[in-house]
Amino acid sequence: MTTLLITGGAGFIGTNFVRFVRRVRPGWHLINLDLLTYAGNPENLADLAGDPRYTFVQGDIADWPTVSSLFAAHPIRRVVHLAAETHVDRSILDPGVFVRTNVVGTFNLLEAARQAWKDLPEDAGCRFLHVSTDEVYGSLGSEDPPCSESSPYAPSSPYSASKAAADWLARSYFKTYGFPVLITNCSNNYGPYQFPEKLIPFALCQALEGKPVPIYGAGGNIRDWLYVEDHCAALLEVLERGRLGETYNIGANQQRTNLELVRLLLQILAEMRPDLGNRQSLITFVPDRPGHDWRYALNTQKIADTLGWRPRVTLEEGLKRTVAWYLEHQDWLERVRTGEYRRFLETQYGQAVVQEKEPACGGG
Ligand code: NAD
Ligand code: DAU
């Protein structure tokens, strides 16, 4: 039986990935190592609690004894490493934890796996997938060609710099030790279970409550939006069939400005909840994010040509599924919006965004 360690499995992509692998590889034993920070939610996978092929371990990847003892206790042969601090705005407010988790945590996992696997025969099939981001390539201008896997790294934020450092550690383990690592760099994900600090679920929450939907700067920044289930399928392809030591870009080729994206999201919300009326007037321009990257775009030819992976879900379809999920899970949203979350919003956006707009705007 394949034993797969998933780190960060109680977060957004992790929850979707655990569910996806459970469905398509039902015989695998899945071990989910997650610290349950503000972004991790055990409730997401509560229905797997009695499953003998699912083990949840609450622990910190930056803590060496936790990580090394896990490899001693289980015959882990595959790793999908998702655990990270992930929100760019939080990395600007408090960068230290990003270095600890994203750099030291990744080092611990690489080193524990290297020590556990170094004397195993090649046919043991050990593979370590380090999941990273398109942000490591830095900001593109509107007309620049998309980044390929060999584009230079130029991270801008403490978040992307910490992910870049982790990527280079992973690359060094392949070059130095022949360690069986694979790296993926993916564009912006959206879909069910995303914590409502990220643009799409946050804008949706604000709109549902008739509060301002804040857009940084003039809303011209461009992101490429991938439905999370497409990302999960790509990760499994790379884990199983990717070439060791290689990097694979994963993207949707669905670039939109933030303003275009939020307008589309609010239009879909209005179609699904006509009783709310038109909420476009909630869009509010707020001061820009420091060091805000203008545009990310990925060339995804490599994964298409070598592994046959392509995104399946269009942006419109993915947004409809996402809005439907959040509308059906408003109790989930309520429970994750804790005191810590509300304090973060106040620090990040100030009172004006946290409070309801005047009824004339909110009822729109
Ligand atoms: P998330 O913030 O939703 O979840 C992160 C998870 O990691 C949480 O469950 C949290 O509890 C856990 N975690 C944090 N610190 C930990 C620690 N020290 N030890 C153990 N667990 C810890 O993140 P996400 O959006 O699901 O992203 C997952 C991964 O994918 C990250 O590595 C991120 O860099 C990468 N990624 C995300 C996106 C995106 O758009 N969300 C795009 C490309 C790459
Ligand atoms: O590109 C992949 C990355 O995408 C991941 O590696 C990160 O973990 C993930 O957080 C995401 O980073 P972004 O900074 O692109 O995502 P975020 O949802 O925070 O913001 C998307 C865009 O929207 C960005 O240009 C900033 C802008 N924005 C965001 C928020 C939260 C706003 O205009 N207003 C907001 O309130």
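We're numbering straight along the sequence, starting at 1. Start at 1 and go down the list; that is how both ligands and their atoms are numbered.
In this structure the side chain of R337 reaches within 4.5 angstrom of the side chain of P196, judged on heavy atoms. In this structure, the side chains of F20 and V228 stay at 4.5 Å or more apart for every pair of heavy atoms. For the pair T322 and L265, the minimum side-chain heavy-atom distance is 4.5 Å or more.
Separation of atoms CG (L204) and CD (Q206) is listed at 10.5 Å; rounding is to 0.5 Å. Atom-to-atom distance recorded for D224:CG and N188:CG is 7.5 Å, nearest 0.5 angstrom.
Between I61 and ligand 1, at least one N/O pair is under 3.5 Å apart. For a threshold of 3.5 Å applied to N or O pairs, the pair formed by N41 and ligand 1 contains no separation below that value. In terms of polar-atom proximity, E197 is not counted as a contact of ligand 2, lacking any N or O under 3.5 Å from an N or O of the ligand. Of the polar atoms of T86, at least one N or O is found under 3.5 Å from an N or O of ligand 1, judged by distance alone. Where the criterion is an N or O separation shorter than 3.5 Å, residue side chain and backbone included, A83 fails it with respect to ligand 1.
For an aromatic pair to be called close, the ring centres must be under 6.0 Å apart, and H87 with F195 fails this.
Here the protein heavy atom with the shortest distance to atom 27 (C) of ligand 2 is N258 ND2, 3.4 Å. Protein heavy atom closest to atom 24 (C) of ligand 2, with residue, atom name and distance, is H292 NE2, 3.5 Å. Protein heavy atom in closest approach to atom 13 (P) of ligand 2: E135 OE2, 3.5 Å. Looking from atom 32 (C) of ligand 2 to the surrounding protein, the closest heavy atom is Y216 CD1, 3.4 Å. F12 N, 3.0 Å is the protein heavy atom nearest to atom 3 (O) of ligand 1. Distance from atom 21 (C) of ligand 2 to its nearest protein heavy atom, with residue and atom name: L199 CB, 3.9 Å. Shortest contact from atom 5 (C) of ligand 2 to any protein heavy atom: Y159 OH, 3.6 Å. With respect to atom 8 (O) of ligand 2, the closest heavy atom belonging to the protein is T86 O, 2.8 Å. Among protein heavy atoms, atom 34 (N) of ligand 2 sits closest to P214 O, 2.9 Å.
Around atom 20 (C) of ligand 1, the closest heavy atom drawn from L35, N189, N32 belongs to L35. The heavy atom nearest to atom 28 (C) of ligand 1, out of those in N108, V97, L82, T133, is found in L82. Looking at V131, T101, L199, it is T101 that brings a heavy atom closest to atom 15 (N) of ligand 1. Scanning L36, L109, D34 for the heavy atom closest to atom 8 (C) of ligand 1 points to D34.
Per-residue contacts place I215 under 4.0 angstrom from the following atoms of ligand 2 (heavy atoms of the residue considered): 33 (O). Close approach of ligand 1 to G59 is summarised as follows: ligand atoms under 4.0 Å from at least one heavy atom of the residue are 19 (N), 20 (C). Less than 4.0 angstrom separates some heavy atom of H87 from each of these atoms of ligand 2: 19 (O). The distance from ligand 1 to the heavy atoms of N188 drops below 4.0 Å at these ligand atoms: 40 (O). Within ligand 2, the atoms closer than 4.0 Å to a non-hydrogen atom of F202 are 36 (O), numbered from 1 in the order shown. Every atom of ligand 2 is numbered from 1 in the order shown, and the set under 4.0 Å from a heavy atom of K198 is 10 (O), 18 (O). Listed by number with element, the atoms of ligand 1 under 4.0 angstrom from any heavy atom of D60 are 17 (C), 18 (N), 19 (N). Every atom of ligand 2 with a heavy atom of D134 under 4.0 Å away is listed here by number and element: 1 (O), 2 (C). With ligand atoms numbered from 1 in the order given, ligand 1 contributes 42 (C), 43 (C) to contacts under 4.0 Å with heavy atoms of S187. Every atom of ligand 2 is numbered from 1 in the order shown, and the set under 4.0 Å from a heavy atom of V88 is 14 (O). Ligand-side atoms of ligand 1 in range of S132: 43 (C), 44 (C), range being under 4.0 angstrom from any heavy atom. Each of the atoms 42 (C), 43 (C) of ligand 1 lies under 4.0 Å from some heavy atom of C186. Close contacts between ligand 2 and Y349 involve ligand atoms 30 (C), 31 (C), 35 (C), 36 (O) [criterion: under 4.0 Å to a heavy atom].
The closest approach between K163 and ligand 2 stays at or above 4.0 Å for every heavy atom of the residue. Judged by the shortest distance from any of its heavy atoms, G105 lies outside the 4.0 Å radius around the atoms of ligand 1. Heavy-atom distances between Q348 and ligand 2 stay at or above 4.0 Å for every pair. Within the structure, the closest approach of Y159 to ligand 1 falls below 4.0 Å when heavy atoms are considered. The closest approach between any non-hydrogen atom of G9 and ligand 1 is not below 4.0 Å.
Only the side chain of K163 comes within 4.0 Å of ligand 1, counting heavy atoms alone; its backbone N, CA, C and O stay farther away.
Taking the salt bridge (charged side-chain N to carboxylate O under 4.0 Å, His left out) definition, one finds that D119 meets it with nothing, sequence neighbours left out.
With hydrogens and angles ignored, the 3.5 Å screen pairs no side-chain donor or acceptor of D167 with any backbone N or O of I183.
In this structure, R223 fails the cation-pi test against Y190, since its NZ or CZ atom is not both closer than 6.0 Å to the six-membered ring centre and inside 45 degrees of the ring normal.
For L298 against N253, the heavy-atom pair with the smallest separation is O-OD1, 3.5 Å.
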